[in-house]
Amino acid sequence: MRLHGEVSFDEDEEEVVMVPAALSSPLNGGAVAVTRLVVGYALTKKKVKSFLQPKLLLLARKKGISLVAIDDTRPLAEQGPFDIILHKITSKEWQQVLEDYHDEHPEVTVLDPPNAINHLNNRQSMLAEVSDLNLSSFYGEVCTPRQLVIMKDPSSIPTAVAMAGLTLPLVAKPLVVDGTSKSHELSLAYDEASLSMLDPPLVLQEFVNHGGILFKVYIIGETIQVVRRFSLPDVNTYDLLNNVGVYRFPRVSCAAASADHADLDPHIAELPPRPLLEKLGKELRGRLGLRLFNVDMIRELGTKDRYYIIDINYFPGFGKMPGYEHIFTDFLLNIAQSKYKKCLTGG
Ligand SMILES: Nc1ncnc2c1ncn2[C@@H]1O[C@H](COP(=O)(O)OP(=O)(O)OP(=O)(O)O)[C@@H](O)[C@H]1O
Ligand SMILES: O=P(O)(O)O[C@H]1[C@H](O)[C@@H](O)[C@H](OP(=O)(O)O)[C@@H](OP(=O)(O)O)[C@H]1O
Ligand SMILES: [Mg+2]
Ligand SMILES: [Mg+2]
């Protein structure tokens with residue numbers, strides 16, 4: 001772990017060494033460590049507004065964490081030094097800058113590695129990582145809806161869906177997830193013929209009735225927090241028989257408005273069991289190689305413990321999580337602590 005090297009003397013003439021937060025114990029020679037953790041961030045304006053809220057900035061400062069904006073008009077190598085780089089920029093140029101920087105500075109923690117994030121930028125690879133989870137001994141079964149990727153030729157979609165045996169209705173989702181509003185333009189298709197009106201590349205995912213409530217499972221390192229959100233309403237047989245066509249629907253479930261206090265059927269609103277979420281979080285961190293993400297999970301209507309993962313988001317709207325400022329600052333400090341311990345033990 002690199003010390004930040006700023007040595008100064010406080011009023012008691014006690015040597016004070018500016019070091020990363022991990023070095024919170026007294027240094028040899030009696031110098032008292034004044035801890036400081038430098039976190040460089042590369043985020044969009046929208047993300048800075050939603051994530052770097054005053055309560056986070058204040059608490060970070062109290063905990064000795066400096067959050068420093070990375071200037072994308074200057075070479076990254078001329079900025080810093082950083083202990084951690086936090087980012088959510090999708091451009092290939094930025095990914096290359098970050099990878100080159102990390103080659104030169106392996107001691108800097110990158111949250112999260114671009115090649116791991118890329119898995120979530122495609123709705124096929126996103127769920128491929130979780131299609132074979134075997135968590136049934138942990139209070140429930142977690143799977144993914146059947147889906148079909150369509151790369152081109154809209155006219156081929158009805159036949160492809162019939163051949164794949166997918167059950168209507170289907171949710172049509174852009175294949176690429178790149179942070180643009182287009183990647184969130186979803187539609188619900190009620191009949192096969194109408195599918196030829198869709199615009200590939202896309203993924204067609206079987207719609208699973210789930211009582212109109214979705215569970216957002218936020219994961220920050222080893223911390224897991226689940227909230228309820230309003231979701232699309234169920235589609236019953238009558239709806240299917242009396243509707244044709246493909247209908248765009250607005251972004252649902254990412255609104256901050258939680259459904260946690262709504263008057264809901266307990267069978268629908270009951271949260272997934274904690275042991276299941278803990279096991280799921282551990283599995284996904286390992287499989288995805290990520291520490292900052294959330295999972296959209298639904299419970300199939302009428303079942304007690306059959307869950308579907310329908311979406312995974314990198315660095316989502318943590319600012320909507322109750323108490324996120326405490327969770328996130330502790331997460332950053334824990335990274336520094338574990339690096340410091342590795343330094344001490346040569347681990
Ligand atoms: N297979 C499905 N079955 C039932 N409902 C679904 C399914 N897929 C999506 N939905 C509904 O559509 C909403 C949006 O889907 P999804 O989360 O995949 O889109 P998104 O653009 O990635 O959203 P965000 O990233 O903002 O969470 C879900 O919150 C849920 O309400
Ligand atoms: O925290 P939830 O409720 O899940 O909402 C998030 C969405 O799931 C993400 O898809 C958004 O990220 P992108 O808009 O970059 O895809 C993300 O946008 P953000 O990165 O601007 O916060 C959030 O809207
Ligand atoms: Mg979602
Ligand atoms: Mg998403």
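Order of appearance sets the numbers: ligands from 1, and atoms from 1 within every ligand. What you are looking at is a predicted structure, and each value in this text was computed from that prediction instead of being measured.
Within the 4.0 Å heavy-atom criterion, both parts of Ile310, backbone and side chain, lie near ligand 1. Residue contacts with ligand 1 for Lys216 involve side-chain atoms from C-beta outward but no N, CA, C or O (heavy atoms, distance under 4.0 Å). At a 4.0 Å heavy-atom cut-off, ligand 1 touches Asp296 through the side chain alone.
The nearest heavy-atom contact from the protein to atom 2 (C) of ligand 1 is Gln205 OE1, 3.7 Å. Protein heavy atom in closest approach to atom 13 (C) of ligand 1: Val252 CG2, 3.4 Å. Among protein heavy atoms, the minimum distance from atom 25 (O) of ligand 1 is reached at Asn313 OD1, 2.8 Å. Protein heavy atom in closest approach to atom 18 (O) of ligand 1: Lys173 NZ, 2.7 Å. Summary of contacts: the protein heavy atom closest to atom 3 (N) of ligand 1 is Val208 N, 3.0 Å. Atom 22 (O) of ligand 1 has Asp311 OD2, 2.8 Å as its closest protein atom, hydrogens excluded (heavy atom only). For atom 29 (O) of ligand 1, the closest non-hydrogen atom on the protein side is Ser253 OG, 2.6 Å. Among all non-hydrogen protein atoms, the one lying nearest atom 21 (O) of ligand 1 is His184 ND1, 2.6 Å.
Annotation: Phe51 is not in aromatic contact with Tyr41 [ring centroid separation under 6.0 Å not met].
The closest approach between a heavy atom of Phe249 and any atom of ligand 1 is below 4.0 Å. Under a 4.0 Å heavy-atom criterion, Glu206 is in contact with ligand 1. Residue contacts with ligand 1: Arg123 is included, with a non-hydrogen atom under 4.0 Å away.
The aromatic rings of Phe331 and Phe328 stand perpendicular to each other, their planes meeting at an angle above 60°, with 30° marking the opposite boundary.
The ligand atoms of ligand 1 that sit less than 4.0 angstrom from a heavy atom of His210 are 4 (C), 5 (N). Close contacts between ligand 1 and Ser231 involve ligand atoms 30 (C), 31 (O) [criterion: under 4.0 Å to a heavy atom]. Less than 4.0 angstrom separates some heavy atom of Arg251 from each of these atoms of ligand 1: 24 (P), 26 (O).
Nearest heavy-atom pair, Pro158 versus Ala193, reported as atom, atom and distance to 0.1 Å: CG-O, 4.2 Å. Contact detail for Ala269 and Phe215: the closest heavy-atom pair is O-CE2, 3.8 Å. Residues Ser187 and Arg248 approach most closely at OG-CD, 3.5 Å, considering heavy atoms.
Residues Leu264 and Tyr307 share a hydrophobic cluster, clusters being chains of Ile/Leu/Val/Met/Phe/Trp/Tyr side chains in contact below 4.5 Å.
Ligand 1 has an N or O atom lying under 3.5 Å from an N or O atom of Leu232, backbone or side chain. At under 3.5 Å, not a single nitrogen or oxygen of Leu186, backbone or side chain, sits near a nitrogen or oxygen of ligand 1.
Between Glu278 and Lys282 no salt bridge is recorded (no basic side-chain N to carboxylate O distance below 4.0 Å). The pair Arg287-Glu129 does not count as a salt bridge, with every side-chain nitrogen at least 4.0 angstrom from each carboxylate oxygen.
Per residue Asp311, closest N, O or S atom to the Mg ion (ligand 4): atom name OD2. Of all the N, O or S atoms in Asp296, the one closest to the Mg ion (ligand 3) is OD2.
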Start with the C-alpha gap between His210 and Ile310, add the side-chain angles, then the distance that decides, and say whether side chain to side chain contact (heavy atoms under 4.5 Å, CB included) holds.
-> CA-CA 12 Å; His210 54 286; Ile310 59 173; 6.0 Å; no

Quick one: do Asp311 and Asn313 satisfy side chain to side chain donor-acceptor pair (under 3.5 Å)? Show the steps, please.
-> CA-CA 7 Å; Asp311 180 30; Asn313 301 292; 3.0 Å; yes

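Counting non-hydrogen atoms of other residues, nucleotides and ligands closer than 6.0 Å to NE2 of His184 gives a total above 12. Heavy atoms of other residues, nucleotides or ligands lying less than 6.0 angstrom from CD of Glu222 number 12 at most.
The side-chain contact (heavy atoms from CB on, under 4.5 Å) test with Leu332 singles out one residue from Asp83, Leu86, Leu111, and that residue is Leu111.
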